[in-house]
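Taking it in order: structure first as structure tokens, then the write-up.
Chain A is the first sequence line, chain B the second, and so forth, proteins listed ahead of strands; every chain is numbered from 1.
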Protein chains: 2
Amino acid sequence: MDMKLKEQASAITELTFDLLRCCEAKEKMFAKDHGLKVAEFRCLRIVEAGKSYSVQELATSMHLSPSRLTRIIDGLFAEKLVDRVQSIEDRRFAKISLTNKGQTLVGKLKEEYADLHGEMLKDISVDDRDKIYQGISLMQGLVSTWLVRNA
Amino acid sequence: MDMKLKEQASAITELTFDLLRCCEAKEKMFAKDHGLKVAEFRCLRIVEAGKSYSVQELATSMHLSPSRLTRIIDGLFAEKLVDRVQSIEDRRFAKISLTNKGQTLVGKLKEEYADLHGEMLKDISVDDRDKIYQGISLMQGLVSTWLVRNA
DNA sequence: CCTTTTCTTTGCTAAAAGCAAAAATAGTGA
DNA sequence: TCACTATTTTTGCTTTTAGCAAAGAAAAGG
């Protein structure tokens, strides 16, 4: 009865584990090729041009501690990729946003990172790409809600 | 024409990125709950009972440097989870294998880690689980071969 | 034998990350 | 008002993760 679940769970566990290792290696390569630390790349990748973020927001969406984020932002600030201003409404909050230089870089990063994936995906069928999308989408949703419940 | 590819690549890039962060958080929680460092958990997860591995083999399959592996194995050895003996045929090689204690632990780890995924997967249909499997399987293959070509 | 190659370890350094305490600010109840 | 509490971020410190380059040890070939 639950045998099927157990089997599928095992198989998915294994695959996800391998995928994770590969994707980490991939991220590391990409960041290095662009003169960024992995943490910086990961951070830049989630900030959108024009929006501003608190340290906490960034920490939460990156699954890291606020103190860790302060350090990552320090680095980006030093490279003039982000601005950091105190919020006027509540001066405890920082407002982190991309500088012009940051926007340009992030635009390029997103484009090139998508191109890299395009390169990987170009030789398979549209259908298979859709299977990848659906599968990962489902999985991402599950892991995400599991985390909320269990963290 | 290639518009479809570009779109799909972007979407998959984004999703994979999010999935990665979540799975890393998940691994970290799991390792911590079992009194292991993340690197130790990752290493234990790939060694099978009865088999023996060289440092290099482990390094390659974990996408890490041999020197890093030496240190991880040091830790596991200190906890008496693995044995490390010199190969008799070629004494440059180390032969890393699980101790009894290690086998017991790894058995438990694998079971519980699969259970954790079973927990996540239990409320969706067999069909959706299969979609996850297929999607991740395809993606893992692509990233893996991309890495071989580009590393 | 001597040189070269291969596998692992060691010493050192950098990057990644968290914890606990401090600092700054906001909010609140007496 | 003012003392106390809560929130947000930063700082100091430590741990974990990771790689590089050199050293050590063993094999392989000339």
Side-chain angles (χ1 to χ4, degrees), chain A residues 20-21 23-45 52-79 82-97 151, chain B residues 20-21 23-45 52-79 82-97 151:
Chain A
L20 212 57
R21 296 294 83 71
C23 286
E24 282 172 353
K26 184 192 69 188
E27 272 189 358
K28 188 172 292 185
M29 279 183 59
F30 186 83
K32 196 173 186 181
D33 286 351
H34 289 77
L36 292 167
K37 293 173 188 170
V38 176
E40 290 176 338
F41 166 60
R42 289 181 179 181
C43 185
L44 285 176
R45 193 143 183 339
S52 80
Y53 303 79
S54 71
V55 171
Q56 240 180 156
E57 275 178 295
L58 294 175
T60 306
S61 63
M62 291 180 72
H63 300 276
L64 294 175
S65 68
S67 71
R68 178 69 187 117
L69 252 288
T70 294
R71 302 284 155 72
I72 295 171
I73 294 161
D74 283 348
L76 296 173
F77 186 77
E79 310 230 23
V82 301
D83 269 336
R84 169 159 49 183
V85 299
Q86 219 177 15
S87 163
I88 314 164
E89 309 93 61
D90 187 333
R91 297 196 299 177
R92 287 170 299 184
F93 282 84
K95 291 174 71 141
I96 318 292
S97 59
Chain B
L20 212 58
R21 296 295 83 71
C23 286
E24 283 172 352
K26 183 193 69 189
E27 272 188 359
K28 188 173 294 184
M29 278 183 58
F30 186 83
K32 196 173 186 182
D33 286 352
H34 290 77
L36 292 167
K37 294 174 188 168
V38 176
E40 290 175 339
F41 166 60
R42 289 181 180 181
C43 184
L44 285 176
R45 187 130 190 348
S52 79
Y53 303 80
S54 71
V55 172
Q56 240 179 156
E57 275 178 295
L58 293 176
T60 305
S61 63
M62 290 179 74
H63 300 275
L64 294 174
S65 68
S67 69
R68 177 69 187 117
L69 253 288
T70 295
R71 303 283 155 73
I72 295 171
I73 294 160
D74 283 348
L76 296 172
F77 186 77
E79 310 230 23
V82 301
D83 269 336
R84 168 159 51 183
V85 300
Q86 222 177 12
S87 163
I88 313 163
E89 310 94 59
D90 186 334
R91 296 195 300 176
R92 289 171 299 183
F93 282 82
K95 293 175 70 145
I96 317 292
S97 59

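- A/Glu24 approaches B/Leu20 most closely through the heavy-atom pair N-CD2, 4.4 Å.
- Atom P of nucleotide C/dT8 and atom NZ of B/Lys95 are separated by 12 Å, given to the nearest angstrom.
- For a distance-only test at 3.5 Å, the side chain of B/Arg92 qualifies as a donor-acceptor partner of the base of C/dT6.
- When the P atom of D/dT16 is taken as reference, atom CZ of B/Phe41 falls 17 Å away, rounded to whole Å.
- Rounded to whole Å, atom P of C/dA16 lies 12 Å from atom CD of B/Glu24.
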Applying salt bridge (Lys or Arg N to Asp or Glu O under 4.0 Å) to B/Lys95 and B/Asp83, what does each step give before you reach the verdict? CA-CA 8 Å; B/Lys95 293 175 70 145; B/Asp83 269 336; over 6 Å; no
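- A/Leu76 places none of its side-chain heavy atoms less than 4.5 Å from the side chain of A/Ile96.
- For C/dG11, the base has a donor-acceptor partner in the side chain of B/Arg71 [N/O atoms by modelled type, under 3.5 angstrom].
- The residue B/Lys28 sits close only to the backbone: its heavy atoms come under 4.0 Å of sugar-phosphate atoms, none of a base.
- Looking at heavy atoms from C-beta onward, B/Arg21 lies in side-chain contact with A/Arg42 at the 4.5 angstrom threshold.
- For A/Glu89 and D/dT8, the CD to P distance is 14 Å, given to the nearest whole Å.
- Atom CD1 of A/Ile73 and atom P of D/dT11 are 12 Å apart (whole Å).
- In this structure, CG of B/Leu64 is placed 15 Å from P of C/dA16, rounded to the nearest angstrom.
- B/Lys32 has no side-chain polar atom (N or O) that falls below the 4.0 Å cut-off from OP1 or OP2 of C/dG18.
- Along DNA chain C, the nucleotide nearest to A/Arg42 and the one nearest to A/Arg91 differ in position, and the one closer to the 5' end is contacted by A/Arg42.
- The side chain of A/Gln56 places an N or O atom within less than 4.0 Å of a non-bridging phosphate oxygen (OP1 or OP2) of D/dT9.
- OP1 or OP2 of D/dA18 sits under 4.0 Å from a side-chain N or O of B/Arg68.
- Comparing A/Val55 and B/Ile88, the nucleotide of DNA chain D nearest to each residue sits closer to the 5' end for A/Val55.
- For the pair B/Arg71 and B/Arg68, the minimum side-chain heavy-atom distance is below 4.5 Å.
- Taking atom CD1 of B/Ile72 as the reference point, atom C1' of D/dT16 lies 10 Å away to the nearest angstrom.
- C/dA17 atom P lies 12 Å from atom NE2 of A/His63, rounded to whole Å.
- A donor N or O paired with an acceptor N or O is found under 3.5 Å between the base of C/dC19 and the side-chain atoms of A/Ser67.
- Considering only side-chain atoms of A/Phe93, the nucleotide from D/dT9, C/dA16, C/dT25 that sits closest is D/dT9.
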